[in-house]
K.L.:
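Please see the structure below; I have some questions.
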Amino acid sequence: MSSSKPELVRDILPPVNRGMRTLDRDFFKRDVPLVAARVGDASYITKIGKEAKRDLLQLQGVSRIVRFGESENEKGILLRQDIKDPETVFDQISARSADLFREGKCTFEKYTLQLTYDYWRTEEILAAILPEDLLDEIPSGFTNVGHIAHMNIREEYLPYRFLIGQVVLDKNSAMIRTVVNKLDSIDTVYRTFAMEVLAGEEDFMVEQSESNCRFRFNFAKVYWNSRLHTEHSRLIDRFNKGEAVCDVFAGVGPFAVPAGKKGVIVLANDLNPDSYESLVENIKLNKTGTFVHPSNKDGRKFIQESAKALLDFKEERNGIVELLPRRMSRSKPTPSEKISIPSTFNHYVMNLPDSAITFLDGFIGLYSAPGIQQQAFSGEPTQAQMPWIHVHCFHKCDPHQPEPPQEEIYEALRQRVNTAMRYDIPMSKLEFHKVRKVAPTKLMYCITFKLPLEVALKTQ
């Protein structure tokens with residue numbers, strides 16, 4: 001016989017009921033006839049389990065060790081699923097397995113394995129109750145936000161959404177208490193969407209961990225996308241301690257709060273009052289109030305006022321912020337670090353992909369006011385002193401055509417940036433990062449470039 005490791009299988013499917021409209025967990029039962037080896041010498045259980053593995057039950061999620069009655073010593077081990085007759089066991093197993101069973105003083109008897117609803121996975125249960133024409137792409141995936149499972153159920157599955165939600169809740173109850181379905185597209189102003197509770201508690205207050213920070217918010221009232229955690233980390237890694245960052249559409253703080261934790265000065269803004277309220281709470285929760293300053297304004301107005309706002313912030317703090325040590329020790333006290341507040345921003349983050357590009361005109365004349373210019377720069381401002389702008393956006397492709405080549409997408413995005421800024425930025429000055437594919441014909445990008453000096457100094 002081959003010595004390769006046997007594979008665990010899941011070839012026992014649940015019973016089918018395609019007329020089910022209310023979940024009946026008791027319906028999902030299946031008796032599986034097997035043969036068990038009752039081990040007379042219990043010390044052989046482990047040895048048989050290791051050396052006779054290929055002749056034992058290999059059913060994923062099922063223990064092959066069973067007990068007979070209440071005694072701890074009355075243990076048995078289940079044989080391969082294809083072995084059905086106790087009288088023919090030695091004809092169907094290897095010589096080595098046979099020796100082990102004899103040494104362990106084993107006897108063989110019929111055994112019925114009872115599988116219930118708890119055994120089968122989400123996809124297997126749903127495949128047993130959904131119509132046959134809907135089995136190609138069973139909706140079992142979700143995005144985890146705190147205790148909420150957020151699903152995007154397509155139209156053809158909507159008549160079965162409550163069944164789907166209940167099964168998803170049952171199979172993931174260790175980490176979720178609520179299953180919701182998105183009902184419409186994201187609102188372009190506050191980035192929220194209507195949702196329907198499919199199963200579980202109607203509780204939208206969540207706590208989410210990301211970037212070594214904790215975030216609390218009402219998922220029904222603010223924008224949060226757990227799939228963007230990699231993008232959050234990517235940009236945060238570009239920020240250095242002591243730099244200043246302007247987060248124009250900060251949401252509940254996934255960029256601002258972790259940046260503040262690493263000693264980055266952040267002016268963070270969001271128009272949504274609920275997002276602002278959560279941003280304030282998350283700043284307190286993560287003890288980043290020294291570095292992160294929140295506001296609740298229109299994004300364009302916030303950009304236009306940002307240069308002065310940073311100078312005012314610097315003046316209020318006497319030019320210094322204090323970074324406390326992460327771990328306080330009474331025996332070995334660590335002094336805090338004093339960090340100088342810069343006079344200009346190093347980065348602007350514009351994470352509003354549906355419309356952020358249209359706010360780029362807010363940078364026109366950012367440093368055109370003589371008073372602001374004199375305060376911000378020791379001499380004549382240079383291109384090297386201009387901030388990096390990270391603007392997120394969507395690119396929508398024609399659904400009736402193949403996805404265009406990368407160069408074509410980049411040029412289309414470049415033209416949109418140039419139109420908004422009323423300035424021609426050459427392709428060589430732009431960085432493009434593909435964040436994710438939101439839909440088959442909808443791509444999310446982050447465009448990064450230095451604010452052109454001519455744009456910053458242009459008189460409005």
Side-chain angles (χ1 to χ4, degrees), residues 20-23 122-123 125-126 129-131 133-173 175-208 210 215-229 231 249 251-252 254 270-279 351-356 392-397 399 435-444:
M20 188 179 293
R21 292 297 176 268
T22 301
L23 185 62
T122 305
E123 296 85 351
I125 293 292
L126 293 178
I129 57 182
L130 290 173
D133 60 341
L134 294 180
L135 300 184
D136 289 341
E137 297 182 40
I138 295 174
S140 59
F142 58 86
T143 300
N144 200 186
V145 184
H147 66 270
I148 296 176
H150 169 217
M151 304 187 73
N152 291 325
I153 297 180
R154 296 206 307 266
E155 184 177 358
E156 59 268 32
Y157 292 96
L158 289 179
Y160 313 96
R161 63 191 184 279
F162 296 110
L163 267 176
I164 294 168
Q166 188 59 60
V167 175
V168 167
L169 178 62
D170 289 347
K171 299 300 178 180
N172 299 277
S173 58
M175 63 177 183
I176 64 173
R177 303 196 310 270
T178 306
V179 181
V180 302
N181 181 43
K182 176 181 172 182
L183 292 180
D184 58 11
S185 59
I186 292 176
D187 181 280
T188 56
V189 178
Y190 288 166
R191 295 190 291 176
T192 58
F193 53 83
M195 63 182 73
E196 178 181 34
V197 175
L198 302 182
E201 307 169 13
E202 193 165 334
D203 177 12
F204 299 121
M205 286 301 302
V206 300
E207 183 166 314
Q208 180 83 8
E210 185 180 288
F215 297 92
R216 289 179 186 157
F217 51 89
N218 186 319
F219 186 55
K221 295 182 177 181
V222 307
Y223 177 80
W224 178 276
N225 190 336
S226 298
R227 293 175 180 172
L228 292 178
H229 67 92
E231 177 64 2
F249 311 108
V252 300
D270 203 276
L271 179 64
N272 182 348
D274 293 298
S275 294
Y276 170 73
E277 183 179 323
S278 296
L279 174 61
N351 183 28
L352 186 68
D354 196 57
S355 59
H392 291 88
C393 60
F394 292 130
H395 178 79
K396 297 178 182 179
C397 307
V435 178
R436 59 188 287 257
K437 180 176 276 191
V438 179
T441 59
K442 189 177 184 180
L443 309 172
M444 181 178 174

K.L.:
Checking Glu201 against Thr178: is there a side-chain donor and acceptor pair closer than 3.5 Å?
P.N.:
no
K.L.:
Just wondering, do Asn225 and Arg436 contact through their side chains at under 4.5 Å, heavy atoms?
P.N.:
yes
K.L.:
Specify the closest pair of heavy atoms between Phe204 and Val197, including all atoms of both residues, with the distance to one decimal.
P.N.:
CZ-CG2, 3.7 Å
K.L.:
If you draw a 6.0 Å radius around NZ in Lys396, do more than 12 non-hydrogen atoms from other residues or ligands fall strictly inside?
P.N.:
no
K.L.:
Kindly give the heavy-atom pair with the smallest separation between Leu134 and Ile138, and that separation in Å.
P.N.:
O-CG1, 4.1 Å
K.L.:
Show the nearest heavy-atom pair for residues Tyr157 and Glu137, with the distance to one decimal.
P.N.:
OH-O, 2.9 Å
K.L.:
Do Leu169 and Ile176 come close enough that some side-chain heavy atom pair is under 4.5 Å?
P.N.:
yes
K.L.:
In terms of side-chain heavy atoms, does Ser278 have a donor or acceptor partner in Arg216 at a distance below 3.5 Å?
P.N.:
no
K.L.:
How about Tyr223 and Asn272: do any of their side-chain heavy atoms sit closer than 4.5 Å?
P.N.:
no
K.L.:
Just do the side-chain contact (heavy atoms from CB on, under 4.5 Å) check on Val180 and Ile148 with the steps written out, would you?
P.N.:
CA-CA 7 Å; Val180 302; Ile148 296 176; 3.8 Å; yes
K.L.:
Working to the nearest 0.5 Å, report the span between CD of Glu123 and CG of Leu135.
P.N.:
12.0 Å
K.L.:
Would you name the heavy atoms of Lys437 and Ala439 that are closest together and state the gap between them?
P.N.:
CG-O, 3.0 Å
K.L.:
If you define the side chain from C-beta out and look only at heavy atoms, does anything of Gln166 sit under 4.5 Å from Leu198?
P.N.:
no
K.L.:
Just verifying a value: how many Å separate Asp354 CG and Cys393 SG, rounded to the nearest 0.5 Å?
P.N.:
10.5 Å
K.L.:
Roughly how far apart are Asn172 CG and Thr122 OG1, rounded to 0.5 Å?
P.N.:
5.5 Å
K.L.:
Could you tell me whether the side chain of Met195 reaches within less than 4.5 Å of the side chain of Lys182, counting heavy atoms only?
P.N.:
no
K.L.:
Which atom names give the shortest non-hydrogen contact between Met444 and Pro353, and what distance separates them?
P.N.:
CE-CG, 4.1 Å
K.L.:
If you round to the nearest 0.5 Å, how far is OG1 of Thr143 from CG of Asn152?
P.N.:
7.0 Å
K.L.:
Are any non-hydrogen side-chain atoms of Ser226 and Asn144 less than 4.5 angstrom apart?
P.N.:
no
K.L.:
Go through Asp170 and Leu23 one step at a time and tell me if the side-chain contact (heavy atoms from CB on, under 4.5 Å) criterion holds.
P.N.:
CA-CA 11 Å; Asp170 289 347; Leu23 185 62; 3.5 Å; yes
K.L.:
Should Ile129 and Leu163 count as side-chain neighbours, where that means a heavy-atom distance under 4.5 Å?
P.N.:
yes
K.L.:
Between Glu196 and Arg161, does any side-chain N to carboxylate O distance fall below 4.0 Å?
P.N.:
yes
K.L.:
Show the nearest heavy-atom pair for residues Val168 and Ser140, with the distance to one decimal.
P.N.:
CG2-O, 4.2 Å
K.L.:
Is there side-chain contact between Val206 and Trp224, with at least one heavy-atom pair below 4.5 Å?
P.N.:
no
K.L.:
Please check: side-chain N/O of Asn181 versus main-chain N/O of Ile153, any donor-acceptor pairing under 3.5 Å?
P.N.:
yes
K.L.:
Quick one, His392 with Glu231, criterion side-chain hydrogen bond (donor to acceptor under 3.5 Å, both in side chains). Give me CA distance, side-chain angles, the key distance, then yes/no.
P.N.:
CA-CA 10 Å; His392 291 88; Glu231 177 64 2; 2.8 Å; yes
K.L.:
Determine the interplanar angle of the Phe219 and His150 rings, folded into 0 to 90°, and report it as parallel if under 30°, tilted if 30 to 60°, perpendicular if over 60°.
P.N.:
perpendicular
K.L.:
Kindly compute the distance separating CG (Leu130) from OH (Tyr160), expressed to the nearest 0.5 Å.
P.N.:
7.5 Å
K.L.:
Say you draw a straight line from CZ of Arg177 to CD of Glu202; how long is it, rounded to the nearest 0.5 Å?
P.N.:
13.5 Å
